[in-house]
Q: 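Structure in structure tokens, see below.
What you are looking at is a predicted structure, and each value in this text was computed from that prediction instead of being measured. Below, chain A is the first sequence line, B the second, and so on; all start at residue 1.
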Protein chains: 2
Amino acid sequence: MPVDSADIVDAFFERYRPKLTETAILLLTPNLKVLHHPKKHELIKANQTSGYAYLLVKGAARSYYLYNGTEINSWFAFENEMVGSLRNYNNLPSRETIELLEDSTLLSFNVNGIKPLMAENIEISNFINQVIGEYCLYLEDKLFYTHLRSARERYTALLAQEPNVFKRVPLTYIASFLGISRETLSRLRAK
Amino acid sequence: MPVDSADIVDAFFERYRPKLTETAILLLTPNLKVLHHPKKHELIKANQTSGYAYLLVKGAARSYYLYNGTEINSWFAFENEMVGSLRNYNNLPSRETIELLEDSTLLSFNVNGIKPLMAENIEISNFINQVIGEYCLYLEDKLFYTHLRSARERYTALLAQEPNVFKRVPLTYIASFLGISRETLSRLRAK
DNA sequence: ATGATTTTGTGACATAAATCAAATGGCCAA
DNA sequence: TTGGCCATTTGATTTATGTCACAAAATCAT
């Protein structure tokens with residue numbers, strides 16, 4: 001294990017304001033665990049209710065669901081991103097499967113252990129709500145930049161804003177994420 | 001004023017758990033105001049940062065933005081729905097204009113007054129986070145039921161899930177909400 | 001390495017939906 | 001009531017993107 005578990009926790013929490021104090025860290029720690037999983041491992045499965053969320057420390061993941069027998073990818077995530085199912089968090093079954101695209105290091109959050117802490121520790125509450133709030137803004141952006149835009153516009157926007165995706169994710173997955181066929185993506189790339 | 005301000009507040013807060021206690025209500029009250037505005041009034045304007053969110057007590061509203069000179073409608077809201085700009089809440093300018101579709105009665109929330117209360121009163125914090133959390137689930141649903149679906153599928157889904165929209169919103173607005181042209185919507189309706 | 005499987009690219013064709021162009025219908029104001 | 005302005009419908013045509021079929025390239029397992 002090249003990276004110390006505590007370092008991983010610290011690095012992530014730095015991003016969140018107000019910074020979590022020792023008290024909050026102490027409460028959270030028993031609910032955190034550093035994990036390693038190989039490519040293709042499924043963190044969360046469609047139609048199930050998982051009690052965990054994850055921070056991607058190293059690696060990549062995708063979220064997909066089946067529609068008319070084909071996989072539709074809804075997002076991709078990389079280092080320092082939180083992955084999980086918002087529906088799971090709200091005690092609903094996930095619609096999507098979250099699968100690792102590379103061998104990955106993860107920090108797992110035991111949601112069932114952490115949720116009760118929100119009532120007694122305002123920092124933890126703020127932390128979780130900030131994660132959800134950021135996700136909410138991301139969803140708004142995604143709708144805004146997708147709605148009524150052509151295949152080419154969506155493609156060039158993704159290329160500009162998230163070039164990593166094209167380096168680390170198979171084109172087949174990117175196509176359904178963009179809402180286009182594999183062939184169309186291939187032609188757009190050919191320019 | 002046919003409806004008492006306190007009744008309006010109570011009725012809305014009932015929806016949220018844990019129910020707000022007297023303490024929370026007392027803190028919130030100075031930041032609430034019942035308003036009446038005519039059709040076409042703009043609650044929030046594009047590219048500005050408003051300090052208010054609203055509960056639609058009676059009436060209807062739409063949110064739209066300009067794209068290539070034409071209005072794109074992003075949502076419609078009716079009785080008992082919260083309207084506002086998530087971007088405003090995060091101190092970013094709104095991308096959208098929120099306009100009343102009918103003469104309406106509103107309960108306004110002074111966000112700048114309420115936000116500081118979140119630190120001192122956990123109920124208020126939970127209340128706001130629940131509103132955001134529900135909006136987040138709504139956005140996920142909207143993406144899920146829109147992505148890679150045909151014009152007809154999106155149309156029939158809206159008709160099934162929100163028939164009110166077709167009774168109270170002009171078809172021109174509904175078309176851009178569905179991501180299709182007015183002509184196509186007309187043809188879909190003609191069956 | 002070698003062949004096998006999967007991923008990506010290319011061409012021909014089909015089709016959903018946009019666009020352009022009127023025509024019709026509703027609604028509001030004077 | 002009348003005219004005028006939107007909103008909606010209908011028709012003809014165009015266009016972007018999907019589908020099907022296969023070829024080429026890359027990746028994987030043995």
Q: A/S186: which residues meet the side-chain contact (heavy atoms from CB on, under 4.5 Å) condition with it, sequence neighbours left out?
A: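 Result, side-chain contact (heavy atoms from CB on, under 4.5 Å) vs A/S186: none returned.
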Q: Run the salt bridge (charged side-chain N to carboxylate O under 4.0 Å, His left out) test on A/K40 and A/E102 for me, step by step, so that the C-alpha distance in whole Å, both residues' side-chain angles and the decisive distance to 0.1 Å come before the verdict.
A: CA-CA 7 Å; A/K40 301 219 170 178; A/E102 305 171 359; over 6 Å; no
Q: Enumerate the residues from residues 147-163 of chain B whose closest heavy atom to DNA chain C is under 4.0 Å, giving them by residue number; use none for an empty result.
A: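 The stretch gives B/S150, B/A151 as the residues lying under 4.0 Å from the strand, ordered by number.
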Q: What's the angle between the local helix axes at either end of the helix from C/dA1-D/dT30 to C/dA30-D/dT1, using five pairs per end and rounding to 10 degrees?
A: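 Both end axes considered, the difference amounts to 50°.
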Q: Assign the ring pair B/F127 / B/F109 to parallel, tilted or perpendicular, where the plane angle (0 to 90°) is split at 30° and 60°.
A: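 B/F127 vs B/F109 ring planes: parallel.
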Q: I'd like to know if the side chain of A/T156 and the backbone of A/E153 have a donor-acceptor N/O pair within less than 3.5 Å.
A: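 Yes; judged by distance alone, with no hydrogens or angles, the pair exists.
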Q: Is there a donor in the side chain of A/T97 and an acceptor in the side chain of A/E42, or the other way round, less than 3.5 Å apart?
A: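 On atom types as modelled, these side chains do not qualify, holding no pair under 3.5 Å.
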Q: Given side chains that start at C-beta, do those of A/E96 and A/N73 come closer than 4.5 Å, heavy atoms only?
A: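 Answer no - side chains too far apart.
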Q: Are the side chains of A/R168 and A/L101 in contact, using a 4.5 Å heavy-atom criterion?
A: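 Heavy-atom side-chain distance check fails, nothing below 4.5 Å.
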Q: Would you grab the first and last nucleotide of DNA chain D (5' to 3') that comes under 4.0 Å of any non-hydrogen atom in chain B?
A: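 Nucleotide range in contact with chain B: D/dA7 to D/dA12.
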Q: Taking the basic N atoms (NZ, or NE/NH1/NH2) and the acidic carboxylate oxygens, is any pair closer than 4.0 Å for A/R62 and A/E71?
A: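 Looking at A/R62 and A/E71, the cut-off is met.
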Q: Establish, for the pair B/R154 and B/F177, whether the NZ or CZ atom is under 6.0 angstrom from the six-membered ring centre and no further than 45 degrees off its axis.
A: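 Checked: cation-pi criterion not met.
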Q: For DNA chain C, which residues in residues 169-187 of chain B have a heavy atom at a distance below 4.0 Å?
A: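 Listed by number, they are B/G179, B/I180, B/S181, B/E183, B/T184, B/R187.
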Q: Please report, rounded to the nearest Å, how far the C1' atom of C/dT10 is from the CG atom of A/L188.
A: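 These atoms are roughly 14 Å apart.
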Q: By the side chain to side chain donor-acceptor pair (under 3.5 Å) test, which pairs, at least two apart or in different chains, include something from residues 47-61 of chain A?
A: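 For residues 47-61 of chain A, and leaving out neighbouring residues, there are no side chain to side chain donor-acceptor pair (under 3.5 Å) pairs at all.
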Q: Taking B/S104 for its side chain and B/L100 for its backbone only, find out whether a donor-acceptor pair lies under 3.5 Å.
A: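 No; judged by distance alone, with no hydrogens or angles, the pair does not exist.
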Q: Starting at atom CD1 of B/I72, determine the distance to atom C1' of C/dA18, rounded to an integer number of angstrom.
A: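 Distance check: B/I72 CD1 to C/dA18 C1' gives 13 Å.
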Q: Within the 3.5 Å criterion, strictly below it, is a donor on A/Q130 or A/Y135 matched to an acceptor on the partner's side chain?
A: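 No.
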Q: Please confirm whether A/R152 makes a cation-pi placement over A/Y155, using NZ or CZ under 6.0 Å from the six-membered ring centre and within 45° of the ring normal.
A: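 No - A/R152 does not lie over the ring of A/Y155 by the 6.0 Å and 45° rule.
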